[in-house]
*Asks:* 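Encoded as structure tokens, here's the structure I'll be asking about.
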Amino acid sequence: MTAVTDQDHTERADQPGDADKAAAAGNPSAKAPRNASEGASTDGTHARVPDGDPSGHTVSPGSTSSPGSTGTWDDGLIARRVDETTGGNQYATLDSRTAPQPTASPLVYDGPLRSRLEALRELVGLSRTRLDSRTLAEAGRVLDEASARRRLSGQHTVVAIAGATGSGKSQLFNALAGVAISETGVRRPTTAAPIACSWSDGAANLIERLGIPPRLRRRPLPTGDGESQLHGLVLIDLPDHDSAAVQHREHVDRILALVDAVIWVVDPEKYADAVLHERYLRPMAAHAEVMFVVLNQIDRLPGEAAEQVLDDLRRLLDEDGIALGEFGEPGTTVLALSALTGDGVGELREALGQFVAERTAPARRISADVDIAAARLWPVYATQRRTGLSEQAREEFADRLADAVGATAAGEAAERAWLRNANRACGTPWLRLWRWYQDRGEPTTGRLPSRTQADEEATARQRVEQAVRTVADRASEGLPVPWAQAVREAAVRGSKGLPEALDELSVRAGVPTGRPPRPGWWPVAVLAQASMTILQFLGGLWLLGQIVGVMSPNLGVPVLLMVIGIVGGPLIEWSCRMAARGPARRYGLEAERRLREAAAGCGRARVLDPVAAELLRYREVREQYGRVVGAGR
């Protein structure tokens, strides 16, 4: 049987040196014939293309050239493969047609997947200033790959065949293609570069995305049912994932991140290899629906050993977290076959054909990539605790700031000021004179030294810093580490200059300057106090007049007047003090309230609002993260 390369016409068959390049890359034994006699096969299987045939179609063996032909043969690129079982020669020939390939319709994602991708894109955009680029790298890669894959063909499914050294993946590749395309043999590594085989036109862009050059692209010749069964398949034969050559492993890792599905080929000796399970299968457990696991070389197992190895393979896959689609459930298809004898290859081809016909593998692959990206982002977005600032935390922060600016002390000072004003207005002149004398003559020795202004400012600053730390800890409690750090940083930024701002507030909104307001009964009390003082003066002058002899002796009336004035003055003063307590208390509370509100407003504008903005941003990204995760579960 004959195979031809994919119809990507960036490389012409008649370019010099092409055959040598192909021989060096694919099969060292392949050579380009120098003339017609060298290119003609003795068994008649070498196809010829006359120069005069504008269609470029291959001519069947035994046919003659059309009239007018010059008789010159365009041999193209010949890659000879040796069939180890028969020893016969088979060829893969480059098709030299220059007609453009049909354009395949682009891939279309369904609604849920589009919603998840939009949410992931919004999530990344909101998080760029809060998370480092390494944390968002996987999510960004998924978005880029989803966008790139969406622009390419939705009629094709790219499936890679991966396996370890000696697992027989290249042999399985040839068995599925029906022709010896990929080199097989005992030399390791046999597959040095990925080879692509497409069963239909329009896949050139998909293959170019994988970085596979035209000289490594193949097309099987039409075979009827086999080709129609795998129509839309692009099969990639990868190098060994455990190859000693670092470049081969890099090829594998790069292409596995881009293909739509993977066929993992294992053999009875290496199916439990730790490298395979820990480096590839376990991390790709979310891609179970777009994976096939094939146990090859079952012809080497006697009796029921194949079933036992297959059961053990299923057990290992289950331990890796890979769902197995055994009873109609979505999951990985596990098969046993022999690429050498062909046993089970037809079953794989049928399953692969049905898988490709559904045309859902690209979307399922992208959806699994989103699942993996979301799982990696779980520690930086998810929390099991309720987050945010409670009203109690806000009130405690306001109380701490009020204590820092001395709101309570300011209220008490305002209350005392109101009472002093009341005593001055309603007190007896003799008592005020006595208090003035005491205050003036009291010695300063023995008094406790009052705190300096610097000490008070330092204490107030410490209280403000403590209040900011407390509210930041309350707000960041339960948040993922990056967002908790962002909340604390917002609180610290807002606290800069807060003590100075509070000092200015305490000056502006502290104890009011000037005299406190007077109630309506103060004039009556002042008039009554003045009357008591006048009575004392009248009684005293009356007694003095009697002593001097100016007035007739009568002690009762002047003494009574003086007693009324002396007793009535303090009594009025005490009554006014009792009556002034209520208004003084209200006045002090009003002053304290104004200062508390001013301090709370300053703290809210500088600290609470930035912290609330960070919490709001976190809630937004948490909502987007919920869309990314929830829509996929």
*Asks:* Taking the side chain as C-beta and beyond, is there a heavy-atom pair between Glu477 and Asp473 under 4.5 Å?
*Replies:* no

*Asks:* Quick one: are Tyr618 and Ser476 in side-chain contact, heavy atoms under 4.5 Å?
*Replies:*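 Side chain of Tyr618 against side chain of Ser476, heavy atoms only: no contact under 4.5 Å found.
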
*Asks:* Donor-acceptor pair, distance only, cut-off 3.5 Å: does the side chain of Thr332 make one with the backbone of Ala288?
*Replies:*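 Yes, the answer is positive, given that a donor and an acceptor are paired below the 3.5 Å cut-off.
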
*Asks:* Does Arg463 use its side chain to pair, donor to acceptor, with the backbone of Arg400 at less than 3.5 Å?
*Replies:* no

*Asks:* So, the side chain of Ser390 versus the backbone of Ala393: is there a donor-acceptor pair under 3.5 Å, distance only?
*Replies:*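 Present.
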
*Asks:* Could you list the residues that satisfy side chain to side chain donor-acceptor pair (under 3.5 Å) with Arg586, not counting sequence neighbours?
*Replies:* none

*Asks:* With a 4.5 Å limit on heavy-atom distance, are the side chains of Asp369 and His287 in contact?
*Replies:*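 Sidechains of His287 and Asp369: in contact.
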
*Asks:* Taking side-chain contact (heavy atoms from CB on, under 4.5 Å) as the criterion, tell me which of Leu281, Ile161, Val294, Leu295 meets it with Trp264.
*Replies:*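 Only one of Leu281, Ile161, Val294, Leu295 forms a side-chain contact (heavy atoms from CB on, under 4.5 Å) with Trp264, namely Leu281.
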
*Asks:* Heavy-atom count check: over 12 atoms from other residues, nucleotides or ligands less than 6.0 Å from Glu590 CD?
*Replies:* yes

*Asks:* Which residues satisfy the salt bridge (charged side-chain N to carboxylate O under 4.0 Å, His left out) test with Asp399, sequence neighbours excluded?
*Replies:* Arg596

*Asks:* Rounded to the nearest 0.5 Å, what separates atom CZ in Arg474 from atom CZ in Phe397?
*Replies:*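 Taking CZ in Arg474 and CZ in Phe397, the distance rounds to 12.0 Å.
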
*Asks:* Kindly compute the distance separating CZ (Arg627) from CG (Leu123), expressed to the nearest 0.5 Å.
*Replies:*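 Taking CZ in Arg627 and CG in Leu123, the distance rounds to 10.5 Å.
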
*Asks:* Output all residues satisfying side chain to side chain donor-acceptor pair (under 3.5 Å) with Thr360, sequence neighbours left out; order by chain, then residue number.
*Replies:*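 Residues passing side chain to side chain donor-acceptor pair (under 3.5 Å) with Thr360: Arg364.
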
*Asks:* How are the rings of Phe355 and Phe292 set to each other: parallel, tilted or perpendicular (split at 30° and 60°)?
*Replies:* perpendicular

